[in-house]
Amino acid sequence: MPTLFHRNRPVAEVTPSPAGPTLAYEEAWRGSPDAFLVSLSMPMDQTAWPPEVVVPWLMNLLPEGEPMRAMQRALGVAQEDVLGLVSAAGGDLAGALRVGGPCQEQGGYRPVSSPEDLERIIGELPLKPFLAGDEGVTMSLAGAQDKLPVALLDGQIAIPLDGAPSTHILKPDNPRLPGSVQNEALCMVLAARCRLPAAPVTTGQAGDRSYLLVDRYERAGQAPAATRLHQEDFCQALGLPAGAKYERNQAGVRGPSLADMFALVRRHMTAVDITRLLDAVIFNIAIGNVDSHAKNYSILLTADGAALAPLYDLMSGWPWPGITQNHAQAVGGQVRGRHVQARHWRRIAEACGLAPAATVRRVIALTERIQREIGAAAEAVAAMPAGGGAFLDGLVQDITERAALVGRNAARDDGEDDGESEEPAARGEAFPSSMS
């Protein structure tokens, strides 16, 4: 029976049952003044939680799509065996909890010896996600993108072993989406320059492969003495499977609307978090991030309560043909960002308990700030090791024009281009094999 640990302390026991695994909090943990919730969907006023709540939470710790299938093959564990998968990959998970025995926050690391070695590792990720099967490597991240949890030791990339905490996420370039590294780097740096909390990033080069290196916001300190902070994504907090991460999904399970997401924040967090979520929604519409689904928003959980986590996985869908222009959630009934006008912002504000006029003013102010800051953001990305180039220049122009359009539309109501979409309502991944 797997036990979830925080450092050397047992938090909860996960027990198999015919209907699926159940979770029971340890009594000592429930009575501790520094205890935090495993999930907002599993408060501690109830000792044990049934499979219908536990299984989605566990599955959301694991990858999706081809990375999940590759992990199963590498580990020899069936997809239906959620406990087997989490146990095999649970040494370093998103958040503060790990599967196994008591463990201090220090562990071993295997330095990546050269750029050639890193290039080889990146090339192997599609067949061996998270280096599954390598001796001592037990880690997992959610999502459908090839990526790798790593640590920085004196500036050198290293692979965590035996449950040691990673400190960064390495995201390789995507051959199907040329320029993906510069795209995400620009959007992340731009968000930070617009005063939205966002995980710090840089880029790197390993032979012919480029990559994005993202600071893990749920880690504190440096390896080998980094500590874990607890977090979960909005699907976990709402008790939903990963297949319901979009408001309308091909799986047929209704996912969270913006009103659902704001209700969750209002129920558990502060007015500051509500404003931060609104800014994130506006920013994603303004840059054309059509993949801002519920698993791309997360929550930090401490003994003091919950707070919205820094932004991550920000990417514009404008540069590539064939990417849906439908956003992950509708804004006042409109899913096409270029058609969102003042009335749509007022509708969603009312549905989310926000002041409609103030919401429209905030849209206009943030889109203006994006246009002011994007030049400096692009300069910062071009100065990173993977460089910039013509793709970055074109993306700057695309986002500038998109932000200006979103701002202009927020100031008008002419009744044109209303309606949700020219495409089917249900959807799968917006960016093929690129976003989580």
Side-chain angles (χ1 to χ4, degrees), residues 62-74 112 114-134 139-150 157 159 168-189 199 201-214 245 287-293 295-296 312-325 328 378 381-382 384-399 427-436:
L62 298 169
E64 304 165 51
E66 187 51 42
M68 168 63 102
R69 291 185 285 272
M71 174 183 275
Q72 294 164 35
R73 292 190 294 268
V112 178
S114 67
E116 292 75 21
D117 191 24
L118 182 57
E119 184 180 22
R120 177 190 57 79
I121 289 171
I122 289 172
E124 292 176 350
L125 285 179
L127 296 177
K128 195 163 63 172
F130 317 119
L131 305 184
D134 278 15
M139 52 193 178
S140 176
L141 286 171
Q145 181 183 9
D146 292 328
K147 50 192 168 186
L148 182 66
V150 298
I157 290 175
I159 307 301
H168 293 72
I169 299 172
L170 187 151
K171 304 175 76 170
D173 52 18
N174 187 327
R176 298 175 64 187
L177 302 175
S180 59
V181 167
Q182 286 79 9
N183 187 325
E184 189 166 352
L186 176 65
C187 294
M188 293 291 288
V189 172
V201 300
T202 189
T203 67
Q205 196 73 33
D208 292 332
R209 300 298 300 270
S210 62
Y211 58 87
L212 186 77
L213 199 62
V214 187
K245 61 187 178 181
I287 67 169
N289 181 15
V290 294
D291 212 42
S292 55
H293 52 68
K295 288 185 67 61
N296 280 343
Y312 55 95
D313 280 1
L314 302 176
M315 184 180 286
S316 174
W318 277 105
W320 305 293
I323 301 296
T324 181
Q325 293 305 306
V381 173
M384 294 176 181
F391 175 89
L392 183 62
D393 295 339
L395 181 59
V396 168
Q397 181 176 345
D398 288 341
I399 293 178
R427 56 175 286 170
E429 291 290 335
F431 297 121
S433 302
S434 75
M435 300 292 281
S436 63

Going by heavy atoms in the side chains, are [X] and [Y] under 4.5 Å from each other?
X: C187; Y: N289; value: no
X: M384; Y: V189; value: yes
X: L141; Y: P149; value: yes
X: Q182; Y: T203; value: no
X: K171; Y: D313; value: yes
X: P319; Y: N183; value: yes
X: L213; Y: V201; value: no

Between [X] and [Y], which heavy-atom pair has the shortest distance, and what is it?
X: A386; Y: G204; value: CB-O, 3.8 Å
X: T202; Y: P385; value: OG1-CD, 3.9 Å
X: A132; Y: A74; value: O-CB, 3.7 Å
X: P63; Y: S140; value: CD-OG, 3.5 Å
X: Y312; Y: K295; value: OH-O, 2.8 Å
X: F130; Y: M71; value: CD1-CE, 3.2 Å

Kindly determine whether L395 and S316 satisfy side chain to side chain contact (heavy atoms under 4.5 Å, CB included), including the steps that lead there.
-> CA-CA 8 Å; L395 181 59; S316 174; 4.0 Å; yes
Quick one: [atom1] on [X] to [atom2] on [Y], what's the gap to the nearest 0.5 Å?
X: R209; Y: E119; atom1: CZ; atom2: CD; result: 7.5 Å
X: I122; Y: D173; atom1: CD1; atom2: CG; result: 7.0 Å
X: L62; Y: M68; atom1: CG; atom2: CE; result: 4.5 Å
X: Y211; Y: L148; atom1: OH; atom2: CG; result: 11.5 Å
X: Q145; Y: E64; atom1: CD; atom2: CD; result: 11.5 Å
X: L125; Y: L170; atom1: CG; atom2: CG; result: 8.0 Å

Any donor-acceptor pair under 3.5 Å linking the side chain of S180 with the backbone of N174?
-> yes
Is the backbone N or O of P172 less than 3.5 Å from a side-chain atom of D146, with the two atoms forming a donor-acceptor pair by type?
-> no
Test V150 against V112 for side chain to side chain contact (heavy atoms under 4.5 Å, CB included), laying out the working first.
-> CA-CA 10 Å; V150 298; V112 178; over 6 Å; no
Hey, could you give me each pair passing side-chain hydrogen bond (donor to acceptor under 3.5 Å, both in side chains) that has a residue in residues 120-133? Not counting sequence neighbours.
-> D117-R120, R120-E124, K128-D134
